[in-house]
Amino acid sequence: MRDGNVGAATLVGRSLISDDIKNRIKDRIDIADVVGHHVSLKRAGQNLVGLCPFHQEKSPSFSVSPSKQMFYCFGCKAGGDVFAFLTKITGATFPEVLRELGDKAGIVVEESPAERVQRGQTHRIEEINRTSMTWFQANLRDLQIGATAREYLNRRGIQQSTVESFQIGVSPSEWDGLFKFLSRKGFSHSEIMAAGLISPRTSGNGYYDKFHARLMFTITDLRKRVVGFGGRVLGDGTPKYLNSPDTVLFKKGQTLFAFDQAREAIVRTKTVIVVEGYFDAIALHQVGLTHTVATLGTALTAEHIQALRRFADQVVLLFDPDAAGVRAALRGLDLFVNSGLGVKVVTLPIGEDPDTFVRKEGTRAFAQLEVAAPSLLDYALNHTVKQADDGSLESRIRSVDEVLRILQKSEHPIERQERIKIVAERLGISEARLIERYPALLAQPKRGTEAPRAQPTQGVPFNALFKGFPEERDLLLLLLHGKLSPADVRRLRPESFAVAPCRKLVEIALAHLDRDGRISLRSVLDESADDPDCGNLATELSMREDHFDDVQAHITDCLNCLDRKRSEQALRELIARLKTAERQGRIDEARLLNMQINEVRMRKAGTPTAGVVSLVKE
């Protein structure tokens, strides 16, 4: 995974950030200091090592190179520069990370007037939200104002440590208490309204609080910013739950409750549990299931899925076993069909929700339900087929129409075929019958809609990638450590490399030569960092510390080996063409190919050419 890296220029809003700005910031920021705030690092040779923050491990495979200003994990293959590290670990976008580091480095990152206004407004709303949060928390601690809320939390089994961890508070019953408090703190009514915390009175005279007489849940993003609130009514009022409206800082369809608190456990387990309510998420966290998040009164969105993909491989959904739950499953199937995530659905006993179930039965019972949980596809099929008339084959096929329509969207033919097989088995009919109804199920992805390519080096063991081509591995490693002389560089030919990522990396390297013919390593690493074909390979090779007894002799041996293999391949291709020409009676072409083959053979033998002899056995 390579999140947040940029190429030669990065589009930020409507402005273009140049490599010069990025490099100036990197020159003033030490990646070891930045990473050290998140990972305990120890010196190991020229690099620093520690336990990877992006996957669970017992022995350190995470390495930071102060000299190259890069990080790399030899376990999960996460790597890149300081921007990539911060975007991955904080969830911030590249522009946000760039500007924050620019501020620390004293370098101004240009932005348009509109962007500047929006950034100022965003910062102001976050200040208002954080100030409001402290007020809600103070109210909860107040002996009189917080009494009802504290009693309610006790009944729900919420411990004081959990209250503090999730920054739970309370809004009093008065209608304008928060508005008055924030006004005294110097915030204007227009700023407070932009934060979504007040509304104008219908009489046109003054404002009233959006939240009153409610238990208040603080909503934070992955950067730990307070972006909004959720309120649960204390009493008989409506609606039962109320969320902050969307603002420049908060979008319900892009935000998940408890994501910040859950991120570390999600990264460690590669699994995320998705529930529907605040108390469900809090209750699961309290019993140790800290890889849990909750939606904010909305269905899962494509933005939610994209955010989860960055940290998890497996998603566990908790749906109610009713018609609404089935509809939610089908919506989820549509969203997850090309996500690359494994999805299971846990159904709790009737009358239970995650909060009540874990309090009664404990985490072991929940874990057993999770192990036995069906995949999202199986869940959707089971419930839709149950609704069909068991005596009618046609009605059973019609019952899965919606599932089949979703399966047509799969961009992976093999995966689609496996899912068709599952549907056919569930219905007890042949695959041919389903394909007859939906011929598009067998169609290949349309041009222009091809699924994003996975990096060739991802998922392929390092040694397996170079099986039979060790000279390519060693030559690129030494290239990225600055060991190739200008004379060595002149011998490099991309077409001589059989491993595709190596070929691409050499092409990038040859595009970044200085006046002396040496490779500019920084430019090569910067450009390759975001390349889908060779990014991971470039980072890993540049971070390895392999030892060679005689570096220059080894470089020469590798280059000679490449030349020999290239010559042998050219010879094989010429012989194949000669066979075809002689078989088809193309005499002139065969004579020319014979000459070329003879020249190649003589060059290999180190002797001058001596006439033309047919080299193809009859």
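Keep in mind that this is a model prediction, so the values were computed, not measured.
- In plain terms, the two heavy atoms of Ala281 and Val293 that are nearest each other are CB-C, 4.5 Å.
- Shortest non-hydrogen contact noted between Ser485 and Arg518 is CA-NH1, 4.0 Å.
- Inspection of the Gln69 and Asp30 side chains reveals an N or O donor paired with an N or O acceptor under 3.5 Å.
- Going from atom CZ of Phe257 over to atom OG1 of Thr220 covers 8.0 Å, rounded to the nearest 0.5 Å.
- Of the possible polar contacts, none joining the Gln167 side chain to the Glu164 backbone as a donor-acceptor pair under 3.5 Å is found.
- Judged by distance alone, with hydrogens and angles left aside, the side-chain atoms of Arg493 form a donor-acceptor pair with the main-chain N or O of Arg490 at under 3.5 Å.
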Go through the steps for Ser40 and Leu51 under the test side-chain contact (heavy atoms from CB on, under 4.5 Å), then give the verdict.
CA-CA 7 Å; Ser40 178; Leu51 295 175; over 6 Å; no
Applying salt bridge (Lys or Arg N to Asp or Glu O under 4.0 Å), run through Arg225 and Glu126 and close with a yes or a no.
CA-CA 7 Å; Arg225 297 182 301 180; Glu126 206 276 326; over 6 Å; no
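- Inter-residue side-chain proximity for His38 and Phe85 is flagged as met; some heavy-atom pair is nearer than 4.5 Å.
- For the residue pair Arg214 and Gly231, the shortest heavy atom distance occurs at NH1-O, 3.1 Å.
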Determine, step by step, whether Leu480 and Leu505 satisfy the side-chain contact (heavy atoms from CB on, under 4.5 Å) criterion, reporting the C-alpha distance in whole Å, the side-chain angles of both residues, the deciding distance to 0.1 Å, and the verdict.
CA-CA 10 Å; Leu480 291 169; Leu505 189 52; 3.9 Å; yes
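- For Lys252, the NZ atom sits in a packed shell: over 12 heavy atoms of surrounding residues, nucleotides or ligands are nearer than 6.0 Å.
- Contact check for Phe259 versus Ile266: side-chain heavy atoms found under the 4.5 Å cut-off.
- Considering CZ of Arg28 and CG of Leu101, their distance stands at 12.5 Å, rounded to 0.5 Å.
- If you take CG on Asp27 and NZ on Lys22, they are separated by 11.5 Å, rounding to the nearest 0.5 Å.
- Here the side chain of Thr301 pairs a donor or acceptor atom with the backbone of Gly253 at under 3.5 angstrom.
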For Phe179 and Tyr208, what are the C-alpha separation, side-chain angles and deciding distance, and is it a ring pair (Phe, Tyr, Trp, His ring centres under 6.0 Å)?
CA-CA 7 Å; Phe179 173 60; Tyr208 66 90; over 10 Å; no
Between Arg544 and Asp546, does the salt bridge (Lys or Arg N to Asp or Glu O under 4.0 Å) criterion hold? Intermediate values first, please.
CA-CA 6 Å; Arg544 291 175 70 93; Asp546 297 2; 3.4 Å; yes
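- Formation of a donor-acceptor pair under 3.5 Å by the Lys77 side chain with backbone atoms of Cys73 is not found in this model.
- At least one donor-acceptor pair under 3.5 Å links the side chain of Thr539 to the backbone N or O of Gly535.
- With His291 contributing its side chain and Arg263 its backbone, the two residues share no donor-acceptor pair below 3.5 Å.
- Using a 4.0 Å cut-off between charged side-chain N and carboxylate O, Arg503 and Asp533 make no salt bridge.
- Rounded to the nearest 0.5 angstrom, Leu300 CG and Glu276 CD are separated by 9.0 Å.
- Between the side chain of Asn243 and the main chain of Leu296, a donor-acceptor pair closer than 3.5 Å is present.
- For the pair Val275/Thr292, a side-chain contact is recorded, criterion being any heavy-atom separation below 4.5 Å from C-beta on.
- Between Phe71 and Phe54, the ring planes are tilted. Angles from 30° to 60° get that label.
- Asp209 contributes no side-chain N or O that, together with a main-chain N or O of His212, makes up a donor-acceptor pair within less than 3.5 Å.
- Among all heavy-atom pairs drawn from Thr247 and Gly196, the shortest one is CG2-N, 4.3 Å.
- In this structure, Glu264 places its CD atom where only 12 or fewer heavy-atom neighbours from other residues, nucleotides or ligands lie under 6.0 Å away.
- Distance NZ/Lys224 to CD/Gln261: 7.5 Å, rounded to 0.5 Å.
- Summarising the geometry, atom CG belonging to Leu48 is positioned 10.0 Å from atom CD1 belonging to Ile31; distances are rounded to the nearest 0.5 Å.
- Of all non-hydrogen atoms in Gly79 and Ala84, the two that sit nearest each other are O-CB, 4.3 Å.
- A donor atom on one side chain and an acceptor atom on the other are found under 3.5 Å apart for Glu96 and Thr93.
- Separation of the His285 and Phe166 ring centroids falls under the 6.0 Å cut-off.
- Between the side chain of Ser339 and the backbone N or O of Leu341 there is at least one donor-acceptor pair closer than 3.5 Å.
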Audit row: Glu127, Arg130, salt bridge (Lys or Arg N to Asp or Glu O under 4.0 Å) steps and yes/no:
CA-CA 5 Å; Glu127 281 187 314; Arg130 190 162 291 279; over 6 Å; no
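- Between the side chains of Thr162 and Gln286, at least one donor N or O sits under 3.5 Å from an acceptor N or O.
- You'll find the side chain of Leu197 reaches within 4.5 Å of the side chain of Asn129, heavy atoms only.
- Ring geometry for Phe217 against Tyr278 counts as parallel: the plane angle stays under 30°, on a 0 to 90° scale with 60° as the upper cut.
- Between Cys76 and Cys52 there is a side-chain heavy-atom pair separated by less than 4.5 Å.
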Between Phe311 and Leu222, is a side-chain contact (heavy atoms from CB on, under 4.5 Å) present by the stated rule, with each step listed?
CA-CA 12 Å; Phe311 304 100; Leu222 289 175; 3.8 Å; yes
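- The neighbour count for Gln46 CD, taken as heavy atoms of other residues, nucleotides or ligands under 6.0 Å away, does not exceed 12.
- The two residues Ile125 and Ala194 make their nearest non-hydrogen contact at CD1-O, 3.6 Å.
- A salt bridge does not link Glu507 to Lys504: none of the charged side-chain nitrogens sits closer than 4.0 Å to a carboxylate oxygen.
- Under the 4.5 Å side-chain criterion, counting only non-hydrogen atoms from C-beta, Leu478 is not in contact with Asp488.
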Audit row: Asp313, Thr271, side-chain contact (heavy atoms from CB on, under 4.5 Å) steps and yes/no
CA-CA 6 Å; Asp313 296 329; Thr271 300; over 6 Å; no
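- Taking 4.5 Å as the limit, some side-chain heavy atom of Met70 sits within range of a side-chain heavy atom of Leu525.
- In this structure, Ile555 and Leu559 have side chains that are in contact, with non-hydrogen atoms separated by less than 4.5 Å.
- With hydrogens and angles ignored, the 3.5 Å screen pairs a side-chain donor or acceptor of His481 with a backbone N or O of Leu477.
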Any chance you could lay out the ring pair (Phe, Tyr, Trp, His ring centres under 6.0 Å) test for Phe62 and Phe74, step after step, and finish with the verdict?
CA-CA 6 Å; Phe62 181 84; Phe74 292 91; 9.8 Å; no
